[in-house]
Q: 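If you scroll down you'll find the structure; I have some questions about it.
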Amino acid sequence: MPDPFDFADAPPPPPPQEQPARLPDLDALNEGQRQAVEAIDGPVLVLAGAGTGKTRVLTTRLAQILATGKAKPWQVLAVTFTNKAAREMRERVAALLGCPVERWWVGTFHAVGARILRAHAESVGLKPNFTILDSDDQLRLIKQLLKAHNIDAKKTPPRAVQGIIQRWKDRGLTPDRISDAEGADAADGHAAALYGEYQERLKALNAADFGDLLLHCLTVFRNDPEVLGKYQNQFRYILVDEYQDTNVGQYLWLRALAQAHHNICCVGDDDQSIYSWRGAEVGNILRFEQDFPGARVVRLECNYRSTPHILAAASGLIARNESRLGKTLWTHMNEGEKVAVRGVWDGQEEARVVCEEVEVLHTKGHSLNDMAVLVRAGFQTREFEERLIILAIPYKVIGGARFYERQEIRDAIAYLRVVVQPDDDIAFERIVNVPKRGLGPASLRNLHVLARAEGQSLVAAAEKLVETDELKPRARRTLGGLLDQFRHWRSLLAAMPHPDVTRTILDESGYTAMWRNDKTPEAEGRLENLKELVRALADFESLGDFLEHISLVMDNDEAVTDDKISLMTLHGAKGLEFETVFLPGWEEGLFPHQRALDEGGPAALEEERRLAYVGLTRARRRAFVFHAANRQVYGYWQSVLPSRFITELPDENVERGAPLGLHGARAGRGGGVSERTATVFAGSAWQSHARRSAPLIDTRSYQVTPGHGADQAFATGQRIFHQKFGYGRVVAVNGDKLDIQFDKAGTKKVIQSFVEAV
DNA sequence: TCCCTCCTTGTTTTT
DNA sequence: CAAGGAGGGA
C-alpha cells in the first residue's frame with residue numbers, strides 16, 4: 001500500500017515525465033456543478049446540499065486545475081477531515097486524469113499539519129521526529145498532572161480537563177492566550193494552569209497531540225513570516241471539503257495559507273453541520289463571504305440521490321432551523337414511497353419490526369448492503385444485533401471499537417514506539433509492566449523522580465538507575481533485563497525486516513504469552529489481532545513510517561465484499577447513502593437527545609435537527625422512522641413521547657402507519673406520561689454540571705525533587721543523607737553516581753540527585 | 001502487588 | 001443495568 005502521506009518536500013524538482021493528463025469532461029455536469037468547477041480563481045464557496053454531487057465537483061475541479069496546467073500538483077492543497085475522503089479524492093482525480101498524480105498535498109488537516117510541523121518543529125521547541133499522541137495518551141498525561149498537583153480527580157475529572165484543553169486548541173488558543181475570565185471558571189479554575197503545564201510536558205516528551213498539529217502550525221506562521229510566505233506562495237489553489245465542520249483553528253490555518261493567492265474553494269453544507277460539540281464552527285461557513293471578500297457562492301441544489309418524498313420530508317424538517325443559509329433541493333426522480341412512520345411498544349418490538357422488514361426486502365431481492373439502521377446513540381445497536389443474530393441476517397456495526405484503539409494493538413504499538421523512540425515516556429509507561437514483571441507503581445515512581453530531577457526521559461533514567469543500588473535487587477534485575485531487550489530489539493531493526501522484528505518483540509517480551517495464558521474468551525481474538533498487525537506492518541517501508549501512519553490514520557475499513565446490513569450512528573452515516581434506511585428511536589429525550597436539550601439550548605436542538613436531516617437524506621428510495629412508547633434507559637423503563645421531529649415532518653410526504661402497539665403510550669399522553677418522562681430525565685445524569693466549590697489545594701505539598709543534591713557537587717569523605725539508606729559517607733564519585741559507605745546499609749552505588757549533604 | 005468490591009456515571013467521534 | 005475507576009484489604 002502506498003503511503004497516503006507521501007507528500008513531497010516542497011517544492012521538489014519537477015518530475016521528469018510530463019504527464020499526459022486528459023481534460024475532465026465538463027458536459028456531464030449540471031449548470032451549478034459546472035459553475036463550481038469553472039470558477040477556478042478567487043474565493044469560492046460551494047454550498048452543496050445532500051446528494052448533489054459534491055465530491056464530483058471537488059474532484060473535477062482538482063482535475064481541471066491540474067490538467068489545464070494552472071498549477072503543478074505540489075502547488076495544490078486539498079484538505080479533508082477523514083482519511084477515507086482523502087483517499088477517495090486521490091483515486092477519483094487520478095481516474096479522471098487517467099494517470100496517477102505525484103507529489104500533491106491531499107490529506108487530512110492533521111496529516112498536512114503534521115507534515116508542515118515536522119519541517120519546522122524546532123521553532124516550537126520540538127524535534128522533527130516528535131511523537132503524535134492520541135486521546136488515550138493525552139488522558140494519561142492529564143491524570144499524571146492532576147495527581148502531581150493533588151487535584152481531586154473526582155471534582156476535576158481528567159476527561160473534562162482534556163475536553164477543555166482540546167476546545168481551546170480547537171479555537172486556536174495557546175496557553176498564553178487564555179483569558180483570565182475563561183481560565184477561572186473551567187475545571188475549578190485549574191484548567192488554564194494545567195493547560196500550560198500540559199504543553200510543557202508535551203514538549204519535554206517531544207510529543208504533539210492532534211490539536212497541536214494545527215496549533216503549532218499557527219504559531220510557526222505567526223512567528224516566522226518567511227515560512228508562512230513560502231507556503232502561501234506555494235499553494236496556489238486550496239480546496240476544502242466539509243467546510244461546515246472546520247473549527248476556528250482550522251479556519252485560521254486556512255486563512256493564513258490562502259493569503260497570497262486567495263484561491264480557496266470551500267465545499268460544504270451548513271445543514272449537515274453535526275460536529276459543533278467537538279469544536280466545529282458553523283459560523284465559518286455562514287461567514288464565508290465576509291471572511292473572503294469577493295467570494296463567489298455557488299449553490300448545488302439538484303439532488304441525485306433521493307425520491308421527492310424523502311427529499312421533501314427532509315427539507316420540510318430542516319426548514320424549521322433558524323440559522324442556515326437556506327437551500328431548495330429538487331430532483332428529477334419519480335415520486336416513490338412516502339416516508340413511513342411507525343409507532344411500536346418498546347425497543348424489542350422496534351428491532352423485531354425493523355428486522356422483519358429487512359427480511360421481506362431481502363427475500364424480494366434487495367441486497368443487505370443497500371440497507372442501514374441509523375441510530376442516535378451507540379447503545380441502540382444492541383437490540384438490533386440480538387434480533388439480527390436470531391434471524392441469521394449478516395450485519396456489520398460500523399464505528400465500533402477501531403482496530404488501532406484495541407488494547408492489545410495499543411500495547412504492541414507502545415513496544416514499537418519505545419524501540420523506535422526511546423524517549424517516548426508515555427509508551428514506556430504503558431508497557432513497562434505489561435505483561436506483569438513486578439515493575440509496579442513503586443518502581444515507576446522511582447524512575448519518575450529521577451527522570452524529573454535530571455530532566456531526562458524514563459528510559460534514560462532507568463539506564464542510570466540500574467547501575468546503582470537504589471532499586472531492590474529483583475526490580476533492578478528485571479528492569480535491567482528489559483532495557484537489554486530494548487537495546488537488543490533496536491539492534492535487530494538494522495538486521496531484520498520490521499515485521500519479523502515486531503513478532504520477535506511480541507514473543508520475547510512475553511506479550512504474546514500473556515494472552516495465550518489468558519483464559520477469557522477475548523484472548524484468542526486479541527492474538528488474531530496481533531497477527532493482523534504484523535501482517536499490516538509489511539505494507540510499510542519502516543517501523544517509523546508505520547507509526548506515523550497509524551498515529552494519523554485511525555480508520556478501519558472492513559472488506560465490503562459480503563452482503564451485510566449496516567448498523568451505525570447517524571454521525572457515522574454522514575457521507576454515505578443507502579437504498580433503504582431505518583431510523584429507530586425517534587423519541588423525545590433520545591432524539592433529540594436530552595443532554596443536547598439541557599446543555600446546548602436552541603442551538604443544540606437545531607444541531608439535533610440537522611442530524612435528523614442527515615439521517616433522512618441518506619436514503620435513496622425508502623426511509624422508515626420508528627418511535628417506541630417505552631424504552632429502557634439505564635435499566636429503568638420509561639414511557640416516552642414521539643420525537644418532535646416526527647411532528648415536524650410534512651404530512652403530505654409521510655405515511656403515518658398502522659399504530660402498532662401504542663396501547664398504553666398515546667392513551668396516557670394527556671398527563672401522567674409526560675410528567676413521568678420529565679421527572680426521569682430531570683433527575684439523572686445532567687447534574688454533572690453542579691459545581692461545588694472545592695477547598696484550595698496546596699500544591700506545595702507535592703514535591704517532585706527527591707533530595708537537594710541534583711545540582712550539588714559532592715566530594716569524597718562528605719557526610720550525606722539518603723531517603724532509603726540513611727546516613728553515610730562518600731567514598732567515591734563517578735560523574736553523577738556516588739559510592740557511599742552507609743552507616744547501617746553497607747556500601748551502595750547511588751545517584752547524586754537522591755542524596756543531600758548534611 | 002494484586003484482587004476484589006463499591007460507587008459513579010451514563011451522546012455523538014475524527015485525527 | 002453495566003462498565004470502569006478508585007480504594008481498601010490480604
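Just so it is clear, the values below take in all heavy atoms, side chains as well, and ignore hydrogens, waters and symmetry mates. Quick note on labels: first sequence line is chain A, next is B, and so on, each numbered from 1.
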Q: Please report, rounded to the nearest Å, how far the C1' atom of B:dG10 is from the CZ atom of A:Arg631.
A: 16 Å
Q: Rounded to the nearest Å, what distance is computed from the CG atom of residue A:Asn630 to the P atom of nucleotide C:dC1?
A: 17 Å
Q: Would A:Asn321 and A:Asp271 count as having a side-chain donor-acceptor pair, cut-off 3.5 Å?
A: no
Q: Going by centres under 5.5 angstrom and planes under 30 degrees, do the aromatic ring of A:Tyr634 and the base ring of C:dC1 stack?
A: no
Q: Round to a whole Å and report the spacing from CE of A:Met568 to C1' of B:dT13.
A: 14 Å
Q: Indicate, yes or no, whether a donor-acceptor pair under 3.5 Å links the base of B:dT11 to the side chain of A:Arg595.
A: no
Q: Looking at every strand, decide which applies to A:Gly113 at a 4.0 Å heavy-atom threshold: base, sugar-phosphate, or nothing.
A: nothing
Q: Side chains of A:Glu607 and A:Ser273: donor-acceptor distance under 3.5 Å anywhere?
A: no
Q: Is A:Thr569 near enough to B:dT13 that one of its side-chain N or O atoms lies under 4.0 angstrom from OP1 or OP2?
A: yes
Q: Please determine, by modelled atom types, if A:Tyr243 and A:Asp269 share a side-chain donor-acceptor pair under 3.5 angstrom.
A: no
Q: Mind calculating the distance between CD (A:Gln166) and C1' (B:dT15) to the nearest angstrom?
A: 9 Å
Q: Pairs under 3.5 angstrom, nitrogen or oxygen only, protein versus nucleotides 1-6 of chain B, please.
A:
residue : atom : partner  : partner atom : Å
B:dT1   : OP1  : A:Gly440 : N            : 2.8

Q: Is the cationic atom of A:Arg118 (NZ for Lys, CZ for Arg) positioned less than 6.0 Å from the six-membered ring centroid of A:Phe130 and within 45 degrees of its normal?
A: yes
Q: Kindly say if A:Asn83 contacts the phosphate of B:dT14, meaning a side-chain N or O under 4.0 Å from OP1 or OP2.
A: no
Q: Quick check on DNA chain B: between A:Thr82 and A:His571, whose nearest nucleotide comes earlier from the 5' end?
A: A:His571
Q: Find every protein N or O atom lying less than 3.5 Å from an N or O atom of nucleotides 4-10 of chain C, and list the pairs.
A:
none

Q: For A:Phe546, give me all partners under ring pair (Phe, Tyr, Trp, His ring centres under 6.0 Å), at least two apart in sequence or on another chain.
A: A:Phe540
Q: Please tell me whether A:Glu242 and A:Gln272 have a donor and an acceptor in their side chains that are separated by less than 3.5 angstrom.
A: no
Q: Please identify each residue that fulfils ring pair (Phe, Tyr, Trp, His ring centres under 6.0 Å) with A:Tyr395, with sequence neighbours left out.
A: none
Q: Which of these nucleotides, B:dT15, C:dA2, B:dT12, is closest to any side-chain atom of A:Phe210?
A: B:dT15
Q: In whole angstroms, how far is the P atom of C:dA2 from the OH atom of A:Tyr636?
A: 13 Å
Q: Separation of A:Asp137 atom CG from B:dT15 atom C1', in whole Å?
A: 13 Å
Q: Are B:dT11 and A:His593 stacked, with the base six-membered ring and the side-chain ring centres under 5.5 Å apart and planes under 30°?
A: yes
Q: Please name all residues satisfying ring pair (Phe, Tyr, Trp, His ring centres under 6.0 Å) with A:His216, sequence neighbours left out, ordered by chain then number.
A: none
Q: Does A:Glu281 have any side-chain contact (heavy atoms from CB on, under 4.5 Å) partners at least two apart in sequence or in another chain, and if so, which?
A: A:Val248, A:Asn284
Q: To the nearest Å, how far apart are A:Phe379 CZ and B:dT13 P?
A: 12 Å
Q: Looking just at side-chain N and O atoms, do A:Gln199 and A:Asp212 make a donor-acceptor pair shorter than 3.5 Å?
A: yes
Q: Between A:Leu590 (CG) and B:dT11 (P), how many Å, whole number?
A: 11 Å
